[in-house]
Amino acid sequence: MNTCLGIELGSTRIKAVTIDGGFKPVSSGDYTWASRYENGVWTYPLEEVWTGLKSALSQVENRDGIAAAGVSAMMHGYLAFDKDWRLLTPFRTWQNTITGQAAAELTQLFGFNIPQRWSIAHLYQAVLNGEYHVSQIAHITTLAGYIHYKLTGINAVGVGEASGMFPIDSAVMDYDAGMIGKFDALVENRALPWTLEDILPDVLPAGADAGRLTEAGSRMLDGLLPAGIPFAPAEGDAGTGMTATNAVAPRTGNVSAGTSIFSMVVLEKPLEKVYEEIDLVTTPTGAPVAMVHCNNCTNDTNAWVNVLGETARLFGAEPSTGELYTRLYEKSLEGDPDCGGVLVCNYLAGEGVTHMDAGRPLMARAPETRFTLANFFRSQLYSTMATLKIGMDILAEEGVAIDSLTGHGGLFKTPVVGQSYMAAACGAPVTCMETAGEGGPYGMALLASFLLYREGGESLEDFLAKKVFAGTTGSTIQPDPACVAGFNTYIQRYKALLEVEKTAVEKL
């Protein structure tokens, strides 16, 4: 049986999924890892990339039957290499909020929002800092781009991934030439031995031939995959999320919710203003997308689930992790629509949308608050999407039309709960498919299938709508007016809570 393989290196798991000719998942494997905070930088050791990849792949069945593959990973960040592809400084992930000066200056220069986590912000901040390694740079890329190069020898990334490195001109499907010229002029007096175009990876659209697994690449994986497998362009988790949820056409969108949370809304026309809270990226085929990206989502909730599970075990109960999540999620539905006045800020890390450089998780309530388990956990779940709502409200004020949102990721694994709250937060119907929990690696496997099965000039939009998702059923939840009103009340209190959060960051 021929299958297509999608690999994704997420924030907490490295995952591998194969799908069959009917686009259904047939086998998977994963490896758990975590970022480290070392010398003021959130990072992952590249050695663990290969340990995790091999572990995840070793769990996949029928590897000799893989007919096409692709690599995806968490977007943005900074990997800088010399001419021999030696790493010059530890990997700087999307979690870092250490490029504020660079991001602000580039946003002003380009007239285009450059978030702190983008690769170009990290590069320019390194230039501003006078870091020694800058003069040695021959290549900068993303985590997905690095792995793709090591496996195929091709230094290129998909256009969606590239759009989180540097702004894209969708008309030519490449980096914006005018902005590249402005950047080179900006650093001209620093006598650097490179221009920006020299060091960025090439850009490829979905469906393009992005090379094959080389013999050297196969050896990097201890022979777990045979050489010769064709590879789709490397993509970021935003692009694979759009693909996995059939949200690549205008007026559609998706929300990916796990360790971080972000929404992607495919635009009909450009936004009228530049917003620091809104990223402008692209689909895997280069169409413009408004992205609201929030660093914090379920990590604080996960910590509370662990504590509540520990409490249960004090009384001799031994609930499984899955049962704990399901029961607590479902209990939250009994809470008041506004959480009874219970407020939670879930910031473990800084948050660009609300202009925080660090986080301190906290819970607050007034003496008259209805402090129940249902209200507390409902507030926990509201907090996972509250910052996202702040960004989505900006899009609503811009008149951006959203016909449908598709949810995927861990927040949506328990039926109805996260879906209902997200519909209320975004004011749009939210659909979850059977593959909602599969997320990015499933989307990457679909992009590998598009490479393999694309007919002529068939678009990705048609391929997904007419072949992959034709007849696919999912559950759709419309915004409930009472929940919408409750969430709106909650968000006003939440914005006030952010002032407390600022003080907590300063004092604690």
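Quick note: numbers below take in every heavy atom, side chains included, and nothing from hydrogens, waters or symmetry partners.
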For Glu458, does the CD atom sit with more than 12 other heavy atoms under 6.0 Å from it, leaving out its own atoms? yes

Within 6.0 angstrom of Glu276 CD, more than 12 heavy atoms from elsewhere: no

Any Leu79 side-chain heavy atom under 4.5 Å of Leu46 side chain: yes

Mutual orientation of the aromatic rings belonging to Trp50 and Tyr146 [parallel < 30°, tilted 30-60°, perpendicular > 60°]: perpendicular

Heavy-atom neighbours of Asn39 CG exceed 12 at 6.0 Å: no

I need the Gln136 CD to Arg86 CZ distance, nearest 0.5 Å. 9.0 Å

Please determine whether a side-chain nitrogen of the Lys or Arg among Glu455 and Lys466 lies less than 4.0 Å from a carboxylate oxygen of the Asp or Glu. no

Find out whether Glu235 and Thr243 are in side-chain contact, i.e. whether some heavy atom of one side chain is under 4.5 Å from a heavy atom of the other. no

Aromatic plane relationship, Phe231 with His148 - under 30° parallel, 30 to 60° tilted, over 60° perpendicular: perpendicular

So, Thr89 versus Glu131: side-chain donor-acceptor pair below 3.5 Å or not? no

Gap separating the CE atom of Met422 from the CG atom of Leu411, nearest 0.5 angstrom: 5.5 Å

Residue pair Tyr31 / Gln59, side-chain donor-acceptor N/O under 3.5 Å: no

Should Leu271 and Leu395 count as side-chain neighbours, where that means a heavy-atom distance under 4.5 Å? yes

Would Glu351 and Thr387 count as having a side-chain donor-acceptor pair, cut-off 3.5 Å? no

In Å and rounded to the nearest 0.5 Å, what is the CG to CG distance from Leu446 to Leu452? 12.5 Å

Inspect the surroundings of CD in Glu38 and state if more than 12 heavy atoms from other residues, nucleotides or ligands are less than 6.0 Å away. yes

Measure up the Tyr124 and Phe183 rings against each other and bin them: parallel (under 30°), tilted (30 to 60°), perpendicular (over 60°). perpendicular

With heavy-atom distances below 4.5 Å as the criterion, would you say the side chains of Leu451 and Leu447 are in contact? no

At what distance, to the nearest 0.5 angstrom, does CD1 of Ile120 lie from CG of Leu196? 4.5 Å

Parallel, tilted or perpendicular, as decided by the 30° and 60° cut-offs, for the rings of Tyr78 and His122: parallel

Given side chains that start at C-beta, do those of Thr406 and Thr252 come closer than 4.5 Å, heavy atoms only? no

As a test of understanding, state which of Tyr453, Phe469, Phe23 forms a ring-ring contact (aromatic ring centres under 6.0 Å, His included) with Phe463. Phe23

Less than 4.5 Å apart, any side-chain heavy atom of Ser263 and any of Val255? yes

Mind telling me whether Phe166 and Phe110 have parallel, tilted or perpendicular rings, with 30° and 60° as the class edges? perpendicular

Kindly give the heavy-atom pair with the smallest separation between Ala208 and Pro233, and that separation in Å. O-CD, 3.3 Å

Using a 3.5 Å distance criterion without hydrogens, assess whether the side chain of Ser256 forms a donor-acceptor pair with backbone atoms of Gly241. no

Side chains of Leu280 and Pro167: closer than 4.5 Å at any heavy-atom pair? no

Quick one: do the Tyr149 and Trp85 side chains pair a donor with an acceptor below 3.5 Å? yes

Measuring only between side-chain heavy atoms, which start at C-beta, is Lys182 closer than 4.5 Å to Leu186? no

At what distance, to the nearest 0.5 angstrom, does CE of Met385 lie from CD1 of Ile261? 6.0 Å

Search all heavy atoms of Val353 against all heavy atoms of Gly391 and return the closest pair with its distance. CG1-N, 4.5 Å

